[in-house]
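First up is the structure itself, then whatever we jot down about it.
Please read all numbers here as calculations on a predicted model, not as lab measurements.
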Amino acid sequence: MDLGIAGKWALVGGASKGLGLGCARALAHEGVNVVMVARGKDALDAAAAELKAEVGGQAEVIPVAADITTPEGRAAVFAQRQDFDIVVTNAGGPPPGAFRDWDRDAWIKAIDANMLTPIHLITAVLPGSNMGHLAGELI
C-alpha cells in the first residue's frame, strides 16, 4: 500500500525494540527517512543496522542514542535534524505493579516521559515553529 509518505522524515522514540522499532520499520518500508532514538546504544545500533539492511537505499535511517525525556537527549536529536513531518512518541510507563503502589516519583517520571516529552517534541516540530533548538527549554 502506498501511503504517500515516501521521502518524509520521522522521529521515532523508543525505537530499539518493541512498538518503537515496529513503527520505525513500518515507516522506513514506506520510504520514510527515520531518526531512531533510544537510550541503549548497542541495541539501537543493532536495530538501525538491521533496518538499514532491510530497506537498502529506500530510506535513510539515523540512530541517536539518547534519553529523549531529558533536555540533553532532545538536544542530541535536534542536532541531527530539526525538521520532522512525523513524530512517534513512545516511552515506558510507570513501573509494573499495582496502581496504589506507585509513589509520587514514579508518577512524575511517567508524566514527564509520556506527556511532557511529547509536548516538547510536538511543539518543537510544528510547521513554522523553528523551535527544534528550544526543545530542551520548553515547559
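When hydrophobic clusters are built by joining Ile, Leu, Val, Met, Phe, Trp and Tyr residues whose side-chain heavy atoms come closer than 4.5 Å, directly or via intermediates, Val34 is grouped together with Ile5. Each of Leu19 and Val35 belongs to its own hydrophobic cluster when Ile, Leu, Val, Met, Phe, Trp and Tyr are linked at side-chain heavy-atom distances under 4.5 angstrom.
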**Prompt:** Given Met36 and Val61, is the side chain to side chain contact (heavy atoms under 4.5 Å, CB included) satisfied, shown in steps?
**Reply:** CA-CA 7 Å; Met36 300 172 65; Val61 177; 3.5 Å; yes
**Request:** Please test Lys8 against Glu30 for salt bridge (Lys or Arg N to Asp or Glu O under 4.0 Å), starting from the C-alpha separation and ending with a verdict.
**Result:** CA-CA 10 Å; Lys8 302 284 187 185; Glu30 284 294 323; over 6 Å; no
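With salt bridges taken as basic N to acidic carboxylate O contacts below 4.0 Å, one links Glu50 and Arg25.
Side-chain contact check for His29 and Glu54: at least one donor-acceptor pair (N or O, by modelled atom type) lies under 3.5 Å.
For the pair Asn90 and Gly14, the tightest heavy-atom approach, listed with the atom from each and the gap, is ND2-O, 3.4 Å. Contact record, Leu21 with Ala47: CD1-CB, 4.0 Å, taken as the closest heavy-atom pair. Residues Phe78 and Ala124 approach most closely at CZ-CB, 3.7 Å, considering heavy atoms.
With values rounded to the nearest 0.5 angstrom, Trp107 atom CH2 is found 5.0 Å from Trp102 atom CH2. Going from atom CD1 of Ile119 over to atom CG of Asn114 covers 11.0 Å, rounded to the nearest 0.5 Å.
Looking at heavy atoms from C-beta onward, Val37 lies in side-chain contact with Leu11 at the 4.5 angstrom threshold.
Side chain of Thr69 to main chain of Ala113: no donor-acceptor pair is present (N/O by atom type, distance under 3.5 Å, no hydrogens or angles).
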